Amino acid sequence: MRYTLDTTEEISTERRSFTQGLAALGGLAIAPGVFLYATADAKPDDQAVSSQQRWGMLVDTNSCSEDCSACVSACNEENGLWSLGRPETDAQWIRKLNVKDRQTGHVTSMPMMCQHCEHPPCVDVCPTGASFRREDGIVLVNKHTCIGCRYCMMACPYKARSFIHEPLQDQLPHSPRGKGCVESCTLCVHKVDRGDNNTACAEACASEGHEALLFGDLNDPESEISKQLEKHGGTQIRSDLGLNTGVYYQGI
Amino acid sequence: MLKGLAGITAAFVFGVLAGDPQDIPPPKENYDEETLCVEPVEDMRRQHFEYILDHRDKTVVEGIRTKQYSLIGCIDCHITPNEEGVYARYSQETHFCASCHQFAAVRIDCFQCHADRPAEAIQKAQESDTSVQRPVQELRETLELSNSAFNR
């Protein structure tokens, strides 16, 4: 019995190393034909993300319209956030806030989502390491290790995270979601990784003609977001907490 | 030791299933002429889960997006419609992954989150079936809620 098992192991290892060579060869010729994903100026698929990038977002609240929620709809559509008919517990990855100044009566409208902190409190408190910050600055939940304890939701000063209370159906293939896990804005990580260089919310905002959302690389001085920030500056919400958020606001 | 056993179980399971393959629609195409699947079929039977689980962590943590061991890729190629144009769900034994798992009493939670059918099947279901949930379009109510919370 023991002998048989060992043999199985040995055979499988040999086959594997043999075919890995083949697969590598075949990969070149066949993979591009089989998978029709375009990767124009994306990082190579087999390369890990690095801290050369720091993805971020700039929100121009003066361009954001009080009665527009195109960013919210686009996010829901892109990530398959279906409503279960109970808004109190529906997941919100991005929401609109209208803040009225009692003195002047001026209403500032802005989207609020995960601020992708450099020092994220959600990561500090996570007991399993499921809350983590990717090398390129995107703060994520690894749902494979999330146990649903919701400490991160308590720790987040931006109320950016949602807990899934009920079984879900018909999730989109690129956006797996399920009961018992916490989730939040991923900065459209699946889009970023395929080189779209934009998020669904920012795309929708632009096609509404508002252009209040600008996605880009804060580490690249040539990126539009860096140039805008250098020229006009921006505010990090609750900057007093020293979290160094990746999302900046103008006009607040 | 366990792995060896799993291999034997899987091979045995396949032997049983091979008698009745017409229920399970064939994969969309060969990954490559030589190996058919993303690795030789024998290896896949034995250790497909190791490839997927390894790839899973690389994708989520490091952002590596190669297609070879992608779960989306497995589903995209393996889950094809039957003659009536219907895609099997993981809850059915005609679903390629479930076919083995039900027999071998393997329980996985992957499809609580991951789509068990390719994108085109989900799109088709959404177009034809009104019971399929649609995205939240109107968030006004929630909007009021979060505002009052914010202003408190």
Side-chain angles (χ1 to χ4, degrees), chain A residues 4-6 8-9 12 15-16 19 22-23 26-27 30-31 34-35 37 43 45-49 69 72-73 76-77 80-84 87-88 90 92 95-100 112 132 134-136 140 142-144 159 167-174 176-179 181 189 193-194, chain B residues 1 3-5 7-8 29-35 38-40 42-43 46-47 53 56-68 71-73 75-77 109-110 112-115 117-119 122 125-126 132-143 145-147 149-151:
Chain A
T4 329
L5 287 174
D6 283 345
T8 326
E9 270 305 322
S12 69
R15 285 231 176 98
R16 181 150 151 58
T19 45
L22 260 186
I30 281 145
V34 173
F35 301 99
Y37 303 85
K43 75 161 175 61
D45 281 344
D46 60 352
Q47 199 177 298
V49 294
S69 53
V72 179
S73 310
N76 294 338
E77 189 89 46
L81 310 186
W82 318 129
S83 173
L84 294 168
E88 288 84 356
D90 281 347
Q92 290 180 2
R95 61 184 191 277
K96 280 293 299 287
L97 289 180
N98 296 321
V99 185
K100 190 171 178 179
M112 175 58 62
F132 72 107
R134 227 167 66 143
E135 283 291 307
D136 58 359
L140 293 171
N142 182 346
K143 293 186 193 166
H144 303 114
K159 262 174 70 179
L168 302 181
Q169 285 173 48
D170 300 302
Q171 296 91 325
L172 301 178
H174 64 261
R177 318 170 48 233
K179 181 180 164 181
C181 274
V189 67
D193 283 349
R194 74 176 178 230
Chain B
M1 164 81 180
K3 276 178 203 153
L5 263 181
I8 289 170
E29 62 212 338
N30 292 338
Y31 184 74
D32 107 20
E33 279 320 309
E34 203 79 30
T35 50
V38 296
E39 290 287 352
E42 283 94 314
D43 283 359
R46 281 198 203 102
Q47 50 198 35
L53 294 176
R56 169 180 85 173
D57 299 337
K58 286 198 176 119
T59 302
V60 177
V61 180
E62 296 171 43
I64 288 171
R65 296 273 176 182
T66 47
K67 309 291 184 293
Q68 187 175 11
L71 183 54
I72 297 180
I75 297 301
D76 197 50
C77 187
D109 65 355
C110 317
Q112 287 174 18
C113 291
H114 287 269
R117 298 168 296 172
I122 294 169
Q126 277 172 357
V132 173
Q133 290 142 340
R134 290 173 188 289
V136 207
Q137 288 302 339
E138 208 41 77
L139 265 196
R140 300 288 154 184
E141 215 178 335
T142 329
L143 201 150
L145 261 177
S146 43
N147 278 356
F150 188 84
N151 292 335

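Numbers restart at 1 for each chain; the letters A, B, ... are given by sequence-line order, proteins then strands. All values reported here derive from a predicted model rather than from experimental measurement.
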Of B:K67, B:R65, B:K58, the residue whose pairing with A:D45 passes salt bridge (Lys or Arg N to Asp or Glu O under 4.0 Å)
B:K67
Going by side chain to side chain contact (heavy atoms under 4.5 Å, CB included), A:P173 matches just one of B:D76, B:L71, B:I122. Which one?
B:I122
Under 4.5 Å heavy-atom distance to chain B, tell me which part of A:Q47 shows up: side chain, backbone, both or neither.
backbone
So which heavy atom on A:L140 is nearest to which on B:V60, and how close?
CD1-O, 4.2 Å
Any idea which heavy atoms bring A:R134 and B:G63 closest together, and the distance?
NH1-CA, 3.3 Å
Test item: A:Q171 side-chain N/O and B:Q112 main-chain N/O as donor-acceptor pair under 3.5 Å
yes
For a side-chain contact (heavy atoms from CB on, under 4.5 Å) check, start with the C-alpha distance between A:D170 and B:R117, then their side-chain angles and the critical distance, and finish with the verdict.
CA-CA 9 Å; A:D170 300 302; B:R117 298 168 296 172; 2.8 Å; yes
To the nearest 0.5 Å, what is the distance between NE2 on A:H144 and CG on B:D109?
8.5 Å
Applying side-chain contact (heavy atoms from CB on, under 4.5 Å), run through B:Q68 and A:D46 and close with a yes or a no.
CA-CA 10 Å; B:Q68 187 175 11; A:D46 60 352; over 6 Å; no
